[in-house]
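Data block below; observations after.
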Amino acid sequence: MVRVKLPDGSVKEYHDGVCPREIAEGIGKRLAEAAVAATAEGQVVDLDRPLENGHDQPITLRILTSKDREALDVLRHSTAHVMARAIMRLFPGVRLAFGPTTANGFYYDVVVPGRSLSEDDFPAIEAEMARITKDAEPFERFTLPVDDARKFVADLGQAFKVEHIDDELHRYGVLSFYRQGEFVDLCRGPHIPHAGKVGAFKLLSIAGAYWKGRTDREVLQRVYGTAFFDKKDLDAYVAQVEEARKRDHRRLGRELNLFTISPLVGPGLILWMPRGATVRGILESFIKDELVRRGYQPVYTPHIGKIELYQTSGHYPYYRDSQFPTLKMPADSSAKELLDGLLAGTLDDEAQRMLLARAGIAERLPDHRTAADGHPVTGATRSYFEMGQAERIGYLEQTCDFEEYLLRPMNCPHHIQIYAAQPRSYRELPLRLAEFGTVYRYEQSGELSGLTRVRGFTQDDAHLFCTHDQVRGEFRTTMEMTQFFLDSCLGLSDYRVRLSRSDPDDPKYQGAAGDIWRRAEGDIRSVLDEMNLPYDEAPGEAAFYGPKADFIVRDCIGRQWQLGTVQLDYVLPERFGLQYIGPDNQPHRPVMIHRAPLGSMERFMGILIEHFAGAFPLWLAPEQVRVLPISDKVAEYAHTVHSRLLAAGLRAALDVRPEKIGAKIRDAQLEKIPVMLVVGAREAENQSVSYRDRQAGDQGAMPLDEAIARIKAESDSRRAPQAAAPPVAATTEETAADHTY
RNA sequence: GCACUGGUCGUCCAGCGGCGAGGACUCCGCACCCGUAAUGCGGCGACGUGGGUUCGAGUCCCACCCGGUGCUCCA
């Protein structure tokens with residue numbers, strides 16, 4: 001006997017081995033037809049899955065229909081099977097890897113022997129999928145003992161599945177399979193009852209992926225698609241993606257002249273155009289003012305530093321791969337002259353001989369025996385003067401002493417030098433040094449993306465030097481400041497907090513003794529708890545010098561980015577031997593907090609552009625108000641209005657083009673100018689303007705003074721109104737883990 | 001870095017191996033002097049770079065550069 005509790009609270013009894021389908025049929029024919037899957041004790045299961053009472057409690061059962069979100073995931077996973085089946089029909093010998101669902105659809109990793117798939121193949125695959133869904137064959141589950149299962153997939157020639165069983169699934173005694181017609185796949189399930197339930201699907205893209213995400217393993221082709229129960233939902237999704245595409249910061253950046261990237265300057269290096277620079281500048285001054293209020297002090301430090309600085313800090317060995325190569329400068333001026341001269345080809349042998357001697361390199365020549373006249377003589381090895389020019393340069397590069405500089409990948413070592421420049425007393429702490437510090441990191445070419453992943457960027461950085469007792473307080477106020485910037489001022493509240501911890505197995509964290517790390521992580525946790533900030537923990541994501549709390553936001557295409565970060569650091573003060581003199585007149589080690597509430601100005605601006613869909617609130621808008629004269633006849637008055645706006649400290653422009661007013665308004669709307677002041681003969685007569693709001697439209701005429709006061713009030717309020725409509729539907733997290741095989 | 005995909009006026013898109021490279025927007029000029037999302041006419045302006053195949057290459061092939069998507073990485 002099986003006892004089942006239904007969502008209405010009723011508990012019913014069924015025979016042993018009853019399946020959700022039977023229960024649905026018992027409830028009603030309509031429900032039975034609409035049923036897609038079920039949840040038993042919260043776990044999604046097939047309709048045909050026999051139910052068993054594990055204990056005395058009745059099983060909580062819910063029949064899922066197309067209205068339930070869980071059902072959509074099931075549908076998409078089944079559609080992934082349909083796609084794999086279609087691909088296998090079209091291309092013999094296809095090997096399958098993983099085929100999970102994602103937040104917005106599904107993918108399947110495949111290898112097509114002797115060929116690579118391209119999007120040109122989509123129509124054929126989709127046609128085959130349509131045939132399969134039309135046939136509406138059932139998904140049939142069966143199980144095999146693990147050894148038989150292994151042999152079964154091996155016989156199918158599915159090497160990846162064999163490896164997956166060997167690596168991870170062997171610990172389960174029994175593995176499940178799903179058969180649909182000729183197609184059988186190792187799969188945990190669950191699945192929809194039959195392929196006919198797939199109402200609408202679409203293949204989206206194709207990309208490369210590594211088997212098990214490992215660079216040293218096979219490259220697979222990942223085919224992305226999505227599916228819905230209803231064609232209408234698919235259409236809506238496609239429209240939504242299209243909408244998201246329109247607010248892509250790369251597109252808006254170009255359309256609104258905010259920034260550009262020139263291949264000649266270099267990929268991943270941002271050129272801020274006047275309008276973008278204006279927005280960024282306003283943001284920066286706003287932050288600077290807030291920092292002053294919170295006891296921060298400004299510093300400026302250079303963009304490069306000697307390599308020894310980074311060797312001391314520990315950055316150099318860890319992040320060697322993602323730094324720009326070092327800048328090398330001969331330490332000796334004669335050596336520099338010699339190298340420069342060789343490169344330019346302007347030095348004769350005599351001049352080189354002289355410079356060699358002056359730089360003290362002569363005695364380090366391959367044969368440094370010197371003849372009576374002081375000139376090197378030719379010995380068994382080739383002498384300098386037998387070398388070609390390129391060889392001479394190479395030789396000198398090996399022999400000279402160089403000063404090596406690094407384009408800085410981080411600001412902290414520079415700030416640390418400011419701390420270390422003088423003896424510090426506990427009375428000075430916490431010392432908060434702030435700088436919009438530009439850093440350079442050589443990101444892999446495939447990783448660059450608009451403003452969100454770049455090679456040169458400016459952090460709204462600061463380093464707090466404090467005592468152990470001050471750590472938690474400072475950490476907390478810093479977190480609160482970050483929230484203040486994001487929530488109250490920018491209306492950007494769709495973020496999550498991540499506690500990035502060390503991973504004890506990772507050698508990069510060896511430098512720190514266990515106690516210190518545990519303490520640091522404990523400090524962060526308790527502050528987050530105190531603040532009632534929900535967070536998740538990510539082991540192995542910490543910086544090499546300490547754990548951190550990161551603010552993660554999502555861009556309009558659903559990609560997640562780390563913005564603000566607050567990091568605790570007991571390591572760098574140690575490495576640099578930082579000290580302060582305590583009340584006991586003894587030296588003590590300070591603790592550092594690294595923090596950047598917005599992260600990088602580039603990435604933050606990218607997110608902000610998308611958040612507002614380019615329509616910045618008045619206080620941030622690069623052009624706040626535009627004067628639109630109806631005709632040339634009121635040009636003089638229009639100029640007066642413009643001057644008055646500028647004098648009031650507003651960012652104003654004047655459109656004197658010989659266009660009709662409709663065209664001027666349209667252009668201003670498209671450029672997302674918050675306020676338009678239309679002036680014609682009527683307005684010129686009585687010193688008024690016709691006020692048009694970007695959002696609300698024509699507001700009618702009002703005195704010029706009133707209009708100015710209104711704009712200024714709105715601007716000073718720093719309100720972030722209409723934080724544009726939410727982007728893509730991607731609101732649920734990845735569900736891939738639920739369907740790993 | 002790897003896989004796939006793309007690169008044509010400033011931007012967006014056309015362009016069967018026959019090109020004197022087409023359209024729209026922008027920009028410039030001229031006319032129009034206009035009342036809340038597009039006035040008309042004219043003009044300027046491009047085949048990413050380098051090789052190769054071919055009588056002939058924007059179009060086919062190769063390499064590189066740059067972009068997109070994803071993977072890997074991410075201080």
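Only a predicted model underlies this, so the values are computations on that prediction, with no experimental measurement involved. In what follows, chains are A, B, ... by sequence order, proteins preceding strands, each numbered from 1. Note: hydrogens, waters and symmetry copies are ignored here, and every other heavy atom, side chains too, is used.
- When the C1' atom is used for both B:C55 and B:G17, the distance is 12 Å, rounded to whole Å.
- B:G23 and B:A46 have their P atoms separated by 14 Å, given to the nearest Å.
- If you check B:A21 for Watson-Crick or wobble pairing at under 3.5 angstrom, you find it has no partner at all.
- For A:I661, the listed nucleotide lying nearest its side chain is B:G35; candidates were B:G35, B:C4, B:C2.
- Put simply, CG on A:L451 is 13 Å from P on B:G67, counting in whole angstrom units.
- The side chain of A:L670 sits closest to B:A37 out of B:C66, B:C4, B:A37.
- Between A:K660 and the phosphate of B:G35, there is no side-chain N or O to OP1/OP2 separation shorter than 4.0 Å.
- Considering only the side chain of A:P658, B:C32 comes nearest among B:G1, B:C32, B:C27.
- Comparing A:S445 and A:D698 along RNA chain B, the residue whose closest nucleotide (by nearest heavy atom) sits nearer the 5' end is A:S445.
- A straight line from OH of A:Y545 to P of B:C74 spans 14 Å, rounded to a whole angstrom.
- Remark: A:E537 does not engage A:R498 in a salt bridge, criterion side-chain N to carboxylate O under 4.0 Å.
- Using a 4.0 Å heavy-atom criterion, one finds that A:A668 contacts no nucleic acid atom at all.
- B:U8 and B:C47 have their P atoms separated by 11 Å, with the value rounded to a whole Å.
- The closest side-chain donor-acceptor pair between A:S500 and A:E541, if any, does not fall under 3.5 angstrom.
- Rounded to whole Å, the distance from CD on A:E443 to C1' on B:C73 is 8 Å.
- Comparing B:G43 with B:G58, their P atoms are spaced 26 Å from each other, to the whole Å.
- When rounded to the nearest whole Å, the span between CZ of A:R666 and P of B:A37 equals 11 Å.
- Comparing B:A3, B:C71, B:C34 by their closest approach to the side chain of A:V219 singles out B:A3.
- Side-chain atoms of A:R453 come within donor-acceptor range of the base of B:C74, with a qualifying N/O pair under 3.5 Å.
- Dashed line: the shortest gap from a side-chain N or O of A:R254 to OP1 or OP2 of B:C12 is under 4.0 Å.
- With both ends at atom C1', the span from B:G22 to B:G15 equals 7 Å, rounded to whole Å.
- Neither OP1 nor OP2 of B:G70 sits under 4.0 Å from any side-chain N or O of A:S205.
- Side-chain proximity of A:E659 to the nucleotides B:U39, B:C71, B:A37 is greatest for B:U39.
- Among the atoms of the strands shown, none is found under 4.0 Å from any heavy atom of A:G314.
- Within the nucleic acid shown, A:E683 comes within 4.0 Å of at least one base atom, counting heavy atoms only.
- Counting any heavy atom pair closer than 4.0 Å across all strands shown, A:P409 reaches a base atom.
- Judged by distance alone, the side chain of A:R692 and the main-chain N or O of A:M676 form no donor-acceptor pair under 3.5 Å.
- The side chain of A:Q444 has B:C73 as its nearest neighbour among B:A38, B:C73, B:C4.
- Among the protein residues, A:G680 comes within range of the nucleic acid bases, having at least one heavy atom under 4.0 Å from a base atom.
- Here A:L220 lies out of heavy-atom contact (under 4.0 Å) with every strand.
- Of the C1' atoms belonging to B:G7 and B:U59, the separation is 14 Å, rounded to the nearest Å.
- Comparing B:A57 with B:G70, their P atoms sit 39 Å apart, to the nearest whole Å.
- Contacts of A:R222 with the nucleic acid, taken as non-hydrogen atoms under 4.0 Å apart, involve only primed sugar atoms and P, OP1 or OP2.
- For the pair A:R408 and A:Y440, the cation-pi criterion (under 6.0 Å, within 45° of the ring axis) is not fulfilled.
- The separation of B:A38 from B:C32, taken at their C1' atoms, amounts to 16 Å, rounded to a whole angstrom.
- Under 3.5 Å, the side chain of A:Y442 and the base of B:G1 form no donor-acceptor pair of N or O atoms.
- With a cut-off of 3.5 Å on both Watson-Crick or G-U wobble distances, the partner of B:U69 is given as B:A3.
- The residue A:G213 sits close only to the backbone: its heavy atoms come under 4.0 Å of sugar-phosphate atoms, none of a base.
- Closest contact between the side chain of A:P263 and the listed nucleotides B:G70, B:C66, B:A3 involves B:C66.
- Between B:C32, B:C66, B:G35, one nucleotide has an atom nearer to the side chain of A:R682 than all others, and that is B:G35.
- Taking atom CG of residue A:L256 and atom C1' of nucleotide B:C12, one finds them 15 Å apart after rounding to whole Å.
- With a cut-off of 3.5 Å on both pairing distances, the Watson-Crick or G-U wobble partner of B:G40 is B:C30.
- Counted by atom type alone, A:Y545 and A:Q567 present one or more donor-acceptor pairs between their side chains at under 3.5 Å.
- The side-chain tip of A:R222 points at the ring of A:Y107 from less than 6.0 angstrom away and within 45° of straight on.
- Nearest nucleotide to the side chain of A:A209, out of B:G35, B:G67, B:C71: B:C71.
- In this structure, a donor-acceptor pair under 3.5 Å is absent between the side chains of A:R603 and A:Q562.
- A side-chain donor-acceptor contact under 3.5 Å links A:Q459 and A:N411.
- Side-chain proximity of A:R692 to B:U39, B:A37, B:U69: nearest is B:A37.
- Within 4.0 Å of A:V678, counting heavy atoms only, lies at least one base atom of the nucleic acid.
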